[in-house]
Trainee: 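Starting off with a structure, shown below.
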2 protein chains.
Amino acid sequence: MREVAALARVSIKTVSRVVNGESGVSPHLARRVTAATERLAYRHNLTASSLRRSDGRSATIGVVLEDVSNPFSSALHRSIEDVAVRRGVLVLTGSSDEDEDRERKLVSAFASRRVDGLIIQPSSHDHSYLLTERRAGTAIVFVDRPAGFFDADTVLTDNAPGVRRGIRHLVAHGHRRIAYLGDLHTIATAVERHRGYVQELAAQKIELDERLVRLDLHGIEKAEAAVTELLTARPRPTALFAGQNLITIGAFRAMRRLGLHQRIALVGFDDFLLADLLEPGITVMAQDPAAIGRTAAEMLFRRLDGDESPSEHHTVVTQMITRGSGEIRP
Amino acid sequence: MREVAALARVSIKTVSRVVNGESGVSPHLARRVTAATERLAYRHNLTASSLRRSDGRSATIGVVLEDVSNPFSSALHRSIEDVAVRRGVLVLTGSSDEDEDRERKLVSAFASRRVDGLIIQPSSHDHSYLLTERRAGTAIVFVDRPAGFFDADTVLTDNAPGVRRGIRHLVAHGHRRIAYLGDLHTIATAVERHRGYVQELAAQKIELDERLVRLDLHGIEKAEAAVTELLTARPRPTALFAGQNLITIGAFRAMRRLGLHQRIALVGFDDFLLADLLEPGITVMAQDPAAIGRTAAEMLFRRLDGDESPSEHHTVVTQMITRGSGEIRP
DNA sequence: TTGTCTTTTGACAACGTTGTCAGCCTTCGT
DNA sequence: ACGAAGGCTGACAACGTTGTCAAAAGACAA
């Protein structure tokens, strides 16, 4: 900047004014300055700028996801990015892999880079460690899962109600022996979904049979193994409810291998690409990750714009998509 | 930092030394300083630090992807992140959406935040604009597609050879009327893959029939429409080669709708989740995005560590995965 | 012309760090 | 007891920018 000022024969403050598009610089000088910036290939240093700036904003936010390459998380990521670019804000990302420690490390790495805000898909259950960041002025929004011991804006899916509607759908098609396949009990949404299953069975006056409940199934392989076991044992369920994406796929894989995919009903939580092209198509309770991400990002920026109203808790509702697998009768 | 120094009754330089884990601070003072940092919830400011530091490193890299939510790109992203975290480096990401202008804007936004390096999945064809960044010391690596008018490290898939092996596979199964479905001709990899098709037909002494070639199919819908048309016209191909992920899916969808999915062979470029669960399973030339991302990131960090040897151009080979659709005979 | 007001410009300090270097305090050898 | 060597510590400037404020320049009325 000093060099640009020298070449344009103005003070460095005037260069700063031109670079930031401030008014009150004569067109004459402004032209000379822009010419100089171009000639010297001047690149504005935003880190120095944000250091000096009164609001200290870095025009960067941090996003902690479970895994940036997982379709649900990356859809969140994309919709957050879309809101951010419109405001000239860049996105720092990191994957926590369901690890509390990695989540905290990522947040701390983001904090030392002075992000303006954080969007977190939580892996940990105690977020009181974020108090420091909040006091320092960082806006914080949680997505997909609730915060623990920390009051902040949250955007969630209607987990339990979504599962209940799915179970009700199976019951309406004549099922009473409905198995439930759930993810790790450390994941808050998994607990919620399981709760929905238990509640709806009670509401339907169907006795809960623990032999039909398999939890802590993380990933395709575990689900496939569990379902294989479930379907070879007696008494056999006539329908399956899969509490997560990969579990649905694992379940279908097992059913296919056993040749039962046209005979046993399946409803999965969360939609996935190609669910419509399998035979039968898979009936799912579809989440709307794009809406969740957008809502969270908009909330974050509202906070950055100074909104200090009490924390809001949004719920994005799931939508049932019937494709065949959930309409098989016992 | 000043406050911490005051509380610990040391100079701010000593605090700096403790925070950076430099040697040569007596354990006595070090303890007092750490106690003070904790009591005041001190958060180190990496932006100020990198401003003052002699190497000016920000411990942040920028990654420009086609779309962070696309499975191929997000797999790249994840493997880059994995290499980066090991070195305490964070990742800024952005989606260019095949738009040259957005690519340039993202790079410029990254540059003004003084990223140490850039990994770019190019949308544009002229990268001479990156000369400024390189001169400023930014390391640059291209992934998935080659750079234009710019000499830099590159990590690519063996596009043309991969397609040729796929076509050869179809020919070996008795096909001679093989249609080709390609992506936008503005995408470098799409051009390469199409070239592979043309070359292999020539090598196999099969006359190229332009009626069997459909290009510029971007996305599932366009591919589906094109394939529907292709399969209802005469003469009909006995096999399809799909030059990209979504095109494969679109093609399969069309075949399913026409009831031809068990009769016409299909080989796709790039693997996708559930390809094995369709009926028939889809034979693909699988890319290895994780290996591509890892190689690119390792290369980038080698450059950041001072490696100044001539640009390297790596090729990660595709692997054929036979699942049934590519083994259908005419 | 002079005085007043407005617009444009620049000097300087400051943001939160770290590099440099000088000075202090120990330790140790003689 | 003295000097040299080495380990710790702190004062100060600097990184590249912007906020503050005052000075300079121009516009206009009397």
Trainee: Which whole-number value in Å describes the distance from Arg53(A) CZ to dC15(C) P?
Mentor: 16 Å
Trainee: Choose from dC15(D), dT18(C), dT17(D) the nucleotide whose nearest atom is closest to any side-chain atom of Leu51(B).
Mentor: dC15(D)
Trainee: Go through it in stages, so that I can follow the logic: the residues are Glu308(B) and Arg134(B), the test is salt bridge (charged side-chain N to carboxylate O under 4.0 Å, His left out), and I'd like the CA-CA distance, side-chain angles, deciding distance and then a yes or no.
Mentor: CA-CA 12 Å; Glu308(B) 307 216 321; Arg134(B) 164 125 75 194; over 6 Å; no
Trainee: Checking contacts here: which listed nucleotide (dG10(C), dT18(D), dT9(C)) is nearest the side-chain heavy atoms of Ser26(A)?
Mentor: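 When the side chain of Ser26(A) is considered, dT9(C) is the closest of dG10(C), dT18(D), dT9(C).
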Trainee: Round to the nearest Å and state the distance from Arg17(A) atom CZ to dT9(C) atom C1'.
Mentor: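 Spelled out: CZ on Arg17(A) to C1' on dT9(C) is 6 Å.
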Trainee: Looking only at the side chain of Met1(B) (C-beta and beyond, no hydrogens), which of the listed nucleotides dT18(C), dA11(C), dT9(D) gets closest?
Mentor: dT18(C)
Trainee: Side chain of Arg52(B), heavy atoms from C-beta onward: which of dT17(D), dT9(D), dC15(D) has the nearest atom to it?
Mentor: dC15(D)
Trainee: Just to verify, what does Arg78(B) make a side-chain hydrogen bond (donor to acceptor under 3.5 Å, both in side chains) with, not counting sequence neighbours?
Mentor: Asp67(A), Asp97(A), Asp82(B)
Trainee: May I ask you to decide whether Arg87(B) forms a salt bridge with Asp116(B), counting only side-chain N to carboxylate O separations under 4.0 Å?
Mentor: no
Trainee: Check every atom of dG16(C), dT9(D), dT17(D) against the side chain of Val25(B) and return the nucleotide holding the closest atom.
Mentor: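 Closest nucleotide to the Val25(B) side chain: dT9(D).
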Trainee: Pick out the pairs of N or O atoms, protein on one side and nucleotides 23-27 of chain C on the other, that lie under 3.5 Å.
Mentor:
none

Trainee: Is a side-chain N or O of Arg32(A) found less than 3.5 angstrom from the main chain of Ala8(A), in a donor-acceptor match?
Mentor: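 Side chain of Arg32(A) to backbone of Ala8(A): a pair is present.
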Trainee: Going by atom types only, do Glu66(B) and Ser73(B) share a side-chain donor-acceptor pair under 3.5 Å?
Mentor: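 On atom types as modelled, these side chains do not qualify, holding no pair under 3.5 Å.
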Trainee: Can you tell which of dT9(C), dG10(D), dT18(D) lies closest to the side chain of Lys13(B)?
Mentor: dG10(D)
Trainee: Which nucleotide, dT18(C), dG10(C), dG10(D), lies nearest any side-chain atom of Ser49(B)?
Mentor: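 The answer is dT18(C).
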Trainee: Salt-bridge test for Glu133(B) and Arg43(A): reply yes if a basic N is under 4.0 Å from a carboxylate O, no otherwise.
Mentor: yes
Trainee: Side chain of Glu22(A): nearest nucleotide among dT17(D), dT9(D), dG19(D)?
Mentor: dG19(D)
Trainee: Measure from the side-chain heavy atoms of Ser16(A) and tell me the nearest of dT18(D), dT9(C), dG10(D).
Mentor: dT18(D)
Trainee: Rounded to whole Å, how long is the line connecting atom CG of Asp55(B) with atom P of dA14(D)?
Mentor: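 Atom-to-atom, Asp55(B) to dA14(D), this comes out as 20 Å.
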Trainee: Identify whether any heavy atom of Arg114(B) sits under 4.0 Å from a base atom; if not, whether one sits that close to sugar-phosphate; answer base, sugar-phosphate or nothing.
Mentor: nothing
Trainee: With a 4.0 Å cut-off on heavy atoms, is Ile12(A) in touch with a base, just the backbone sugar-phosphate, or nothing at all?
Mentor: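 Base contact - Ile12(A) has a heavy atom under 4.0 Å of at least one base atom.
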